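As the structure is a prediction and not an experimental result, all values here were calculated from the model. Hydrogens, waters and symmetry mates play no part in the numbers below; they use all other heavy atoms, side chains included.
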Amino acid sequence: MLKMKRIALGALLSLGLTACGPMEEAPEASFEARDSQELEAGCTSLGTGITTHACTHSGNPTDHVPVTASATRVTSAPAISTKHKAYDLTLPSGAEGSVTYVPATTGSYAFYRTQNVAFTVVNGATSATVPSALTHSVSSSGCSLTHVSVYDLTAGTTYILAAGPASGNALTVVPEFLNDTRTRYYQDADGDGYGNNATSVLTACTPPSGYTTQRFDCNDTPGSGASINPGAAEICGNGIDDNCDGSQC
């Protein structure tokens, strides 16, 4: 009876693993936590992934939402709390204008803008100014967004975003949650364009030098591994799995 129970348990475990699919990313345990939400230490600029995403919304007319900003810094100012939207703010003539933002999740948020104007984030509950974790210019072909600032915000808190004065009394703001657009990059030690599964970073920032989005390189050894990767042609009889498919011809 005990033997039969063990067989049944083994069958159930096998079915469970089959349902989950192949465990091709066993080294995932060494990756950074997937729910990491704050801007990584040492980040000097946001990567092309999140910037391209923000530019897509900026360039899509259906994503634009007109908003008349408040003339004063108040928590009752119009909200721009929906992600993946481009908010076209009308500011007071020759003066600063304010809107509000309430994050749904605690973490780092990027605010892309079409002009390099004064931009201040204030905690509506404490009146304290929130320091920027990162600010830099943006240059993306065909994109109207020119600057971005990142702030660490707390879920459920009302933040006042004060901006301007701006040319034409108009400013477009695209808010983005960094976790929505983080990209996983794999270390490419041999420089062949393919990275190994065991070493990676998940980030919305510009990745470290020597990392790529391609993976499954079975030999990432500098020098000797450059000709061995999933894109290489298999050479029969050399005793090497040239294309990393798990077999040799």
Side-chain angles (χ1 to χ4, degrees), residues 14 16-59 84 107-108 110 112 133-143 145-148 150 176-249:
S14 177
L17 291 175
T18 300
C20 291
M23 297 179 67
E24 61 185 17
E25 290 191 76
E28 189 73 24
S30 66
F31 292 167
E32 297 86 343
R34 286 186 179 274
D35 60 352
S36 173
Q37 295 176 336
E38 293 185 353
L39 188 71
E40 296 90 332
C43 177
T44 58
S45 64
L46 295 183
T48 57
I50 186 171
T51 297
T52 299
H53 185 85
C55 287
T56 297
H57 294 303
S58 176
H84 314 309
S108 298
Y112 284 85
L134 177 68
T135 295
H136 64 82
S137 61
V138 173
S139 179
S140 182
S141 180
C143 182
L145 302 174
T146 62
H147 285 77
V148 63
V150 178
E176 294 289 348
F177 180 37
L178 264 62
N179 253 30
D180 290 341
T181 46
R182 278 188 159 96
T183 301
R184 186 168 290 286
Y185 298 91
Y186 301 85
Q187 186 181 46
D188 179 21
D190 59 11
D192 60 6
Y194 291 85
N196 70 80
N197 288 5
T199 306
S200 73
V201 293
L202 180 65
T203 180
C205 297
T206 300
S209 177
Y211 278 72
T212 177
T213 55
Q214 297 276 12
R215 56 177 175 162
F216 297 122
D217 194 348
C218 57
N219 187 336
D220 199 37
T221 306
S224 61
S227 61
I228 303 172
N229 57 66
E234 188 70 54
I235 301 174
C236 296
N238 66 353
I240 298 174
D241 179 13
D242 300 282
N243 63 3
C244 298
D245 66 352
S247 63
Q248 302 172 26
C249 61

Modelled atom types, side-chain donor and acceptor of [X] and [Y], under 3.5 Å:
| X | Y | result |
| --- | --- | --- |
| T206 | S45 | yes |
| N229 | D192 | yes |
| Y112 | T51 | yes |

So, the side chain of [X] versus the backbone of [Y]: is there a donor-acceptor pair under 3.5 Å, distance only?
| X | Y | value |
| --- | --- | --- |
| N219 | S224 | no |
| H147 | S137 | no |
| N197 | F216 | yes |
| D241 | G246 | yes |
| S58 | A54 | no |
| D188 | G193 | yes |
| D242 | I228 | no |
| N179 | R182 | no |
| H136 | L46 | yes |
| S108 | L39 | yes |

In Å, rounded to the nearest 0.5 Å, how long is the span from [atom1] of [X] to [atom2] of [Y]?
| X | Y | atom1 | atom2 | answer |
| --- | --- | --- | --- | --- |
| E234 | I240 | CD | CD1 | 9.0 Å |
| C244 | D220 | SG | CG | 9.5 Å |
| Q187 | N196 | CD | CG | 5.5 Å |
| T48 | H53 | OG1 | NE2 | 13.0 Å |
| C205 | L134 | SG | CG | 7.0 Å |

Looking only at heavy atoms, what is the nearest atom pair of [X] and [Y], with distance?
| X | Y | answer |
| --- | --- | --- |
| A189 | P222 | O-CG, 3.7 Å |
| G223 | D190 | N-CB, 4.4 Å |
| D180 | H84 | OD2-NE2, 3.6 Å |
| S227 | A232 | O-CB, 3.4 Å |
| T181 | I50 | OG1-CG1, 3.1 Å |
| R215 | Y194 | O-CD2, 3.6 Å |

Do V201 and Y211 make a side-chain contact, defined as non-hydrogen atoms from C-beta onward lying under 4.5 Å apart?
yes
Would you say the side chain of Y185 lies within less than 4.5 Å of the side chain of L202, judging by non-hydrogen atoms?
no
For a side-chain contact (heavy atoms from CB on, under 4.5 Å) check, start with the C-alpha distance between C43 and T203, then their side-chain angles and the critical distance, and finish with the verdict.
CA-CA 9 Å; C43 177; T203 180; 5.7 Å; no
